[in-house]
Amino acid sequence: MIKKVLVANRGEIAVRIIRSCREMGIRTVAVYSDADRKAMHVLYADEAHHIGPSPSSDSYLNIENIIKAAKASKVDAIHPGYGFLSENPAFSARCKKEGIIFIGPSEYAISQMGEKITARKIMTNAGVPVVPGTPGKISSEEEALKIIEDIGLPVMIKASAGGGGKGMRLVKKPKEVKSSLRAARSEAKTAFGDDSVFIEKYIESPHHIEFQILADQHGNVIHLFERECSVQRRHQKIIEETPSPILTGEKRREMGDHAVAAARAVNYEGAGTIEFIVDKDLNYYFLEMNTRLQVEHPITERVVGVDLVKEQIHIANGWELSLRQDELKQNGHAIECRVYAEDPENNFMPAPGVVTHIGIPYGVGVRVDGYIYEGFEIPLFYDPLIAKLIVWGRDRNDSLERTRRALKEFTIAGVKNNLQFLERIMNAEEFIKGDYTTHFIEQNRDFLLKEDTCDKTCEDVVIITAFLEYLEKIRKASPKEMTAIKNNWKDYSRVRSVLKL
Amino acid sequence: MIKKVLVANRGEIAVRIIRSCREMGIRTVAVYSDADRKAMHVLYADEAHHIGPSPSSDSYLNIENIIKAAKASKVDAIHPGYGFLSENPAFSARCKKEGIIFIGPSEYAISQMGEKITARKIMTNAGVPVVPGTPGKISSEEEALKIIEDIGLPVMIKASAGGGGKGMRLVKKPKEVKSSLRAARSEAKTAFGDDSVFIEKYIESPHHIEFQILADQHGNVIHLFERECSVQRRHQKIIEETPSPILTGEKRREMGDHAVAAARAVNYEGAGTIEFIVDKDLNYYFLEMNTRLQVEHPITERVVGVDLVKEQIHIANGWELSLRQDELKQNGHAIECRVYAEDPENNFMPAPGVVTHIGIPYGVGVRVDGYIYEGFEIPLFYDPLIAKLIVWGRDRNDSLERTRRALKEFTIAGVKNNLQFLERIMNAEEFIKGDYTTHFIEQNRDFLLKEDTCDKTCEDVVIITAFLEYLEKIRKASPKEMTAIKNNWKDYSRVRSVLKL
Amino acid sequence: MSYEVKLKNRVANVELIGQEGDKILVAVDGKEYTLDFVKLSKGKYSILYRNKSFNLELIPGSNAKKYQVNTFNKSFDVEIIDAESKYLANRHKSTEDEGESVITAPIPGRVIKIMVEKGEEVEAGQTLIIISAMKMESEFKASKPGVVIDIKVSEDQSVEANQELVVLEYASEEA
Amino acid sequence: MSYEVKLKNRVANVELIGQEGDKILVAVDGKEYTLDFVKLSKGKYSILYRNKSFNLELIPGSNAKKYQVNTFNKSFDVEIIDAESKYLANRHKSTEDEGESVITAPIPGRVIKIMVEKGEEVEAGQTLIIISAMKMESEFKASKPGVVIDIKVSEDQSVEANQELVVLEYASEEA
């Protein structure tokens, strides 16, 4: 049985994994780069091992150093979280070789599903519908240009080894083809060390709906229903909800069965996600499988009533699934909002910096998974996700109302963030109706970025507060109490000149 | 329809009520005493009205001032929370007279249930079992002594107008009779202005189990299952859980039916709680009805999947209940821990003061309802409850594990508190087994108050940290940087003498 | 005691008329406000005005006269204006160069690719340079047609926040 | 640089041997520790010792040499001892009066009832006085048999924290 786990990750997911381990009485080991010595996962774990310089290629992606830390700390198992090494088949294989349990699928399942073209073939054989388009991994620019010409625009260029929106470009106009192709390949090279890409027909007005699955080592595979993930910016999700507002019961069953079939096709083990692209007529196509925990897994946890990390660990222990498909039910509705340190008004530019104040929302139906604290400096080397707000309600309207309340209660000062942008999404007509596509952000940009008005009174109160704070500062520095001024004559003369005004 | 609500309360419950109002788009008005100008409910509400000096008799119990604030702010309704005026029939009547909706039951229901002897008679007539003992309100010491002699020890003396453990005394030995009677009457006089008491046979090894009910204005009454509230200190609950670990399905149905019958017997409207005392053979007796929201209502919210404050407001709006008894189900298990500013090692003495740091637990299954913030001074005039930790798990063991984790994560500095005591309860064998009675704290006192060991290394690290912080302070104050010392020669000489050591 | 306070494009005259404990009488552009003004902790205030509850947070800005003020859902840059500020503001204005535009790095990062050369004519929307930061690549584009007059960094170089990357000269003065 | 540091009944000798950045070599009663010692924010520290992660919080005490140190689940009062502290500690000891006991109010509150009179003999466990605070009444009882030698408050009076209430003289010196 697993008694000690190394978490090969950082940020909110590392903290979240440690929480479930702690509940199970499992000791935890954090790993950290130079930039992360003060990060929450280091503070929260029982032990912490340094694994290298700040760039992730030298630390969180450095298999040797992580294995070294695992051996030094004598762990039974490694949990990879999401991102970093979580979908690296070599890492899964290496753990096995070293006699350490990898909490996730086998090298075989990861590599089969990680290579988009192979995955496509396996899905076709398993009877799971795939996106219309030309298969084949493309390594030369000429070949790519020819294929795009064959399929016809619009197309989506995707990094063959990719994920998480990196190395992905949508091409609509002929003149964008070359630059998009180059940008996608350059990004893929940087992120994955492989610049080959993959080209697919682009589906207009698509929904992005994924199914959570769990598979044990004894051939039991279940799905835990869907997550609607169509609200995206820069091809990255920012809001997810479950149940999907567009699925019917029948369609849900059908897609769930296909998700289970997809997992079975690679002898999957652990928690995984089958992503589907769904058009406006509810035709759906296999998009990819994420062979790890998803960022948005908590909405499933809330609505289905499970702890997915605990399930992962039980599976890695070799236990049979204790959940049965026919006993699972979606109770109520849950929404996740991803809080990023970024500037929505400046094309969602990441915004690292020091967090000076955080106000976290609490109360009925509200869960926050985060990792920042007051005084913490968000490093510039990693993903700008700083917290996830997960809200439950009796129905979709209830959880929408509650999410609005929670976002209003949520405050972060010191770094630019997207809290206000998220609040605007909750008030957007199209989102409220529930029939939005992956173009939602783009199509509602004006509404979503509109500045909130602050009425005259509110503005005056802001002005008065700054004024009174300034007066207090000057009073403290007034001549009568000059002993407090630390001998700073420059300050003094300025105060004097101010007082004379 | 209710569009604006005045919350006639303070602390965590006022904040909690405002949250649900905000979700429903209802504007909120806080009221505050002198001591509470900086309290969270004042900051969190849309408006705030001052209602008097710090003692609650002059503010939160002052009907005139509250009604004045309600009229000035033009609210449609008043939510009384729990405690204070929530069970004052005159307040309910006064609201009605003023044309303000009282979010709670009628004067009639409150007064019938508030007067223990009347309530006893009504329950007997409605076929609900009551505690064996002699009914009748007692105003003279002689009468009380005679009755105690008749019933035989042990007996419980209770304030006739009481609640919340105030004016309550258990008498086991003949020599304690007089002093207990006097103390109970004195406390009752102070708390309720009425020193008449009520005497009942004391049930050995009792469980305290209550049922949540909801009743609308159209005659629909449902129950939302039970809460096990047997962990008490000084006759006040500190831990509650649902489902009760001792109830059977059959007993649960039977008690639920009796709870509904009890509410019907007084034409009840709103949310209420029927408290039962249950002996070791699962015989149960009506104890009292709390005609208001309970402190521990969130565990029911979590397991049944409702927002009880929203339900209260719907009922006050005249809507029919949207929940049906046969559709309700207990999903998983929830535990509430009440976090008090008190000193468990000193007989749970309240401990007001300034909160210098709070670390709140987050993550899957964890809800915290509180009202303190860093820098807030907990006033000495009111209840020492500062936060409630509500934890959900798939089953009892899961929620126990999670509660332990959450309590470890929960830190409050600056004021004495019972967090460590709560953690010890979660590790007590009797609590883990689930068959504990209201004597639990008393019988496990030694275990619960045992000091946690800090091993040699941990102790050394504590010593080193204090030492290094002190060195840093001295270095900052070293002669080279004397300009920073603000001309404080006393400090300087001390530093010098220290440096010479 | 009165000052000018700048919020966005507005410059308001603020005067403290009276104060008694937490009760403050103040005028903004002649409009009088009686406030209940309480400091909660460093930089945090609770204000009651006609019973409305406002919570504000002040974060010190780049100098003693600048603040970032946060309300429930908004953030404002506020500046106290005195003689010194006015002088500096005037001086700064005269040094602005209208026909030139310097693209700077908004946050620290690394130059991935420079898409243009010195002297090259660029169209509106054309990508000039790609910077990677926090695992995200950002393309910096020309907002109007113009000419690249300087490139101040090279590929693979690390850049600091606000470091100059590319200097453009716009072809015409159209907004 | 070395000091004596007091924690509970233990007085440890602590010596700083070396420091390089966050790495600190220190000895406690001769046992050497190499620590990774990092300040997170005011009074908050993260310490790694042999890869074990410790989080500590220091709250300044009643004087510059006293701290309350909080670990994950415990709170300690720690004192740095120098010549001055030692002198004061010795002086304080000699003024203690062993046969007398003063009941003091642990927190501010109000005297509800005084159950005894001056000169009265009391038994162990007998209630002397009832104080109300935070809506809770507390009975203060005699811990051993004795005689009430003084009552320093009256009924209905408000009392401050640590204010003296009742003075007892114990009958015998039995513990």
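The chains referred to below are lettered A, B, ... by the order of the sequence lines, with proteins before strands, and numbering in each begins at 1.
For chain B, the option among C:Asp36, C:Asp22, C:Ile47 with the highest count of heavy-atom pairs below 4.5 Å is C:Asp36.
A salt bridge is defined here as a Lys NZ or Arg NE, NH1 or NH2 lying under 4.0 Å from an Asp or Glu carboxylate O, and B:Arg19 with B:Glu23 fails to meet this definition.
In this structure, B:Arg22 satisfies the cation-pi test against B:Tyr44, with its NZ or CZ atom closer than 6.0 Å to the six-membered ring centre and inside 45 degrees of the ring normal. For the pair B:Arg10 and B:Phe381, the cation-pi test (distance below 6.0 Å, angle within 45°) is failed.
Heavy atoms closer than 4.5 Å to chain C are found in the side chain of B:Tyr373, but not in its backbone. Heavy atoms of C:Lys39 lying under 4.5 Å from chain B belong exclusively to its backbone. With a threshold of 4.5 angstrom between heavy atoms, B:Ala48 approaches chain C through its backbone and through its side chain. For a residue to count as touching a neighbouring chain, one of its non-hydrogen atoms must lie under 4.5 Å from one of that chain's; by this rule C:Asn51 touches chain B with backbone and side chain alike.
B:His41 and B:Tyr60 have tilted rings, their planes meeting at an angle from 30° to 60° on a 0 to 90° scale.
Side-chain atoms of B:Ser86 come within 3.5 Å of backbone N or O of B:Gly83 as a donor-acceptor pair.
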